[in-house]
Amino acid sequence: MTAPTRQMVSDGPRRSAPARRTQRFLVGIAAIAALGGALFGYDTGVVSGALPFMERHFGLGSLGEGVITSALLIGAAFGSLAGGRMSDALGRRASLLWAGAVFIGGALAVALAPTVPFMAVARFVLGLAVGSASVITPLYLSEIAPPHIRGRLVSFNSLMIVSGQLLAYLINAVLAHWAAWRWMLGLAALPAVALFTGLFFLPDTPRWYISKGRRDEAGAVLARTLPAEEVAGELARIDHARSLEATARRGAWQELRTPWIRRLLLVGVGLAIVQQITGVNAVIYFAPKILAATGLGTNAAITATIAVGVISVLATAVGMSLIDRVGRRPMLITGLAGMAFSLALLGAAFRLPHSPAVSFLVLGLMVLYMAFMQATLNTGVWLLLAEMFPLAVRGLAMGTAVFMMWLINFTVALTFPVLLDAVGAGTTFWLFGVACVLSLLFCKRYAPETKGLALEDLEDELRKEATEA
C-alpha cells in the first residue's frame with residue numbers, strides 16, 4: 001500500500017489539508033497511547049535507583065531485593081494475561097483507561113509503603129497495570145496504524161518504554177543526593193494522570209469495532225487514517241478476515257486448538273522468552289548494583305546508569321527507522337549475535353581487578369549490549385507479537401505470550417541478585433551470552449517476517465506458512 005501522506009501530497013493542495021489532519025491524528029494517538037509504554041519503562045527502571053536506599057531503609061538482603069523488584073513483575077504477568085482478555089471484551093481503549101487508573105493508585109501506594117509486605121503488595125498491584133499496558137498499547141497501535149507505518153508506530157511504544165526508563169534514571173540521579181527514594185517511585189503518578197485523561201479523546205480501533213459489529217464507527221476511524229478511496233477496501237478486508245474466522249468460531253480458547261494458530265502461539269511464546277532470557281532486565285533493574293560490584297560508590301553508580309538509558313533511547317530510535325526497511329527477522333538475528341558478543345566481553349571484564357578503568361569498561365560494554373538489544377530484539381519482538389496473531393485470538397494470544405515474558409522477567413529479577421552472590425557477575429553474564437546464542441538459532445528457524453503486509457493479508461500468509469510447515 002502506498003503511503004497515504006505521499007499520495008495526498010502528490011495530488012496537490014487539494015489533498016494537503018487531509019494529509020495534515022491524518023498526520024496530526026496519528027501523532028496524537030501515538031503520543032497518548034504510548035504513555036502506557038512510558039509508564040511501563042518508568043516503573044520498571046526506577047527501582048534501580050530506589051533499591052540501594054530501600055535496602056538500607058528496610059534492611060534488605062539479596063533475596064529481599066529480588067522480592068521487591070520481582071513483585072511488580074509477577075503482577076505484570078497476571079496483568080498481561082488479563083489485559084489480553086479484557087481488551088477483546090471491553091475494547092483496547094477502555095482497557096487502557098483501566099490500566100491508567102491502576103497506574104495512578106499503584107504509584108501512590110508504592111511511594112507511601114510503610115513496610116516490606118505492603119511494598120510488595122503495592123508493587124504487585126502496580127504490576128497489574130504495567131502488564132496490561134504492555135499488551136494493550138502495542139495491540140492498539142498495530143490495529144489503528146496504516147500498514148506502511150505500522151512498524152514505526154508500534155515501535156514508538158518501544159521508544160516510549162526506554163524513554164520512561166531514561167527519565168527514571170535521570171530522576172534517580174537527581175534525587176539520590178537526598179536519598180529521596182519515595183519521590184522516585186511516586187512521581188510515576190504524573191504521566192499516569194496524563195494517560196488517563198488523554199484516552200478520553202481517542203477512539204477504539206477499527207478491527208475491534210468490526211469484531212463487535214460496529215461497522216460505522218470502524219469506517220469513521222479508518223477515514224481519519226486512510227485516503228477516502230481506500231476506506232471501503234480496508235473495511236472489506238477486515239470483514240473478509242472476520243468471515244473466515246466466523247466459519248469456525250468456537251471462542252478464543254477453542255480457536256487456539258487450531259493447529260496453525262497453536263503453532264503461531266508457540267512461536268510467539270518462544271519470542272517472548274527469548275526477549276527475557278538474554279539478560280536485558282538484569283541490566284535495567286540492577287545496573288547500579290552491577291557497577292557497584294566494580295568498586296563505584298552508590299551515587300556514582302546511579303548517575304552512570306544514565307548512559308544505559310541514553311543509549312537505549314538512541315538505539316530504539318535507530319531500530320524504528322530500520323524496522324520497516326530491513327524487516328523483523330534479520331534484525332532479530334543481527335541483534336542477538338551482537339548481544340552474545342557483548343556479553344562474552346562483559347563476562348571477561350569482571351575477571352579483571354577492580355579499578356576505575358574497569359568500571360568504565362564494564363559500563364561501556366553494558367551500553368554496547370543495550371544498543372544491540374534495544375535497536376533489534378526489543379523493538380522486533382514487541383512488534384511481532386502485536387502483528388502475528390489472527391484477530392479472533394489476538395488479545396488472548398498476545399496476552400498469553402506476554403504473560404510468559406513477564407514470568408521469565410520475574411524469574412530473572414528474583415534470582416539475579418542471588419546468582420551474583422553465588423557465581424559472580426562474570427559467570428552470570430556468560431550464561432546470558434549462551435542464552436543469546438540459543439535464541440539466535442530459535443529466531444533463525446521460527447521467527448516470521450511480517451514487513452509491509454496489512455494485518456489481514458498477513459493472517460493469510462501466516463496461515464499458509466503454518467499449515468505447510
Could you tell me which non-hydrogen atom of [X] sits nearest to which non-hydrogen atom of [Y], and how far apart they are?
| X | Y | answer |
| --- | --- | --- |
| A413 | F286 | O-CZ, 3.5 Å |
| A349 | V362 | CB-CG2, 4.1 Å |
| W382 | P138 | CE3-CG, 4.3 Å |
| C443 | V274 | SG-CG1, 4.3 Å |
| N172 | S48 | ND2-OG, 3.8 Å |
| A189 | A107 | N-CB, 3.7 Å |

From CA spacing to verdict: side chain to side chain contact (heavy atoms under 4.5 Å, CB included), Y285, L72
CA-CA 12 Å; Y285 304 148; L72 181 141; 5.8 Å; no

Could you tell me if the side chain of [Y] sits less than 4.5 Å from the side chain of [X], heavy atoms only?
| X | Y | result |
| --- | --- | --- |
| I277 | V412 | no |
| D43 | L185 | no |
| M370 | V283 | yes |
| F372 | S342 | yes |
| L128 | W98 | yes |
| M398 | S87 | no |
| L414 | L63 | yes |
| I273 | M405 | no |

Between the side chains of Y140 and N157, is a donor N or O closer than 3.5 angstrom to an acceptor N or O?
no

Using the rule given for side chain to side chain contact (heavy atoms under 4.5 Å, CB included), can you reason through V280 versus Q374, listing the C-alpha separation, both sets of side-chain angles and the distance that settles it, and then say yes or no?
CA-CA 9 Å; V280 59; Q374 301 291 11; 4.3 Å; yes

Quick one: does any side-chain atom of [X] pair with a main-chain N or O of [Y] as donor and acceptor, under 3.5 Å?
| X | Y | result |
| --- | --- | --- |
| S80 | F403 | yes |
| R123 | T69 | yes |
| Q165 | G45 | no |
| T137 | S134 | no |
| R182 | A111 | yes |
| T197 | A194 | no |
| T294 | L291 | yes |
| R93 | L199 | yes |
| R328 | T379 | no |
| S132 | A129 | no |

Spatial distance of atom [atom1] ([X]) from atom [atom2] ([Y]) [nearest 0.5 Å]:
| X | Y | atom1 | atom2 | result |
| --- | --- | --- | --- | --- |
| L440 | L332 | CG | CG | 9.5 Å |
| I311 | Y369 | CD1 | OH | 14.0 Å |
| N281 | T411 | CG | OG1 | 12.0 Å |
| Y446 | L271 | OH | CG | 12.0 Å |
| Y169 | S312 | OH | OG | 6.5 Å |
| F410 | T415 | CZ | OG1 | 9.0 Å |

Using 30° and 60° as the class limits, which term best fits the ring planes of F196 and F200: parallel, tilted or perpendicular?
perpendicular

Taking the six-membered ring for Trp, are F429 and F350 parallel (under 30°), tilted (30 to 60°) or perpendicular (over 60°)?
parallel

Apply the test side chain to side chain contact (heavy atoms under 4.5 Å, CB included) to residues I68 and L60: give CA-CA distance (whole Å), side-chain angles for both, the deciding distance (0.1 Å), then the verdict.
CA-CA 9 Å; I68 290 292; L60 299 175; 4.0 Å; yes

Partner of S163 under side chain to side chain contact (heavy atoms under 4.5 Å, CB included), chosen from L167, I161, L159:
L159

Evaluation steps, side chain to side chain contact (heavy atoms under 4.5 Å, CB included), between F53 and M184
CA-CA 11 Å; F53 303 107; M184 296 177 188; 4.0 Å; yes

Under 6.0 Å between the ring centres of F40 and W406?
yes

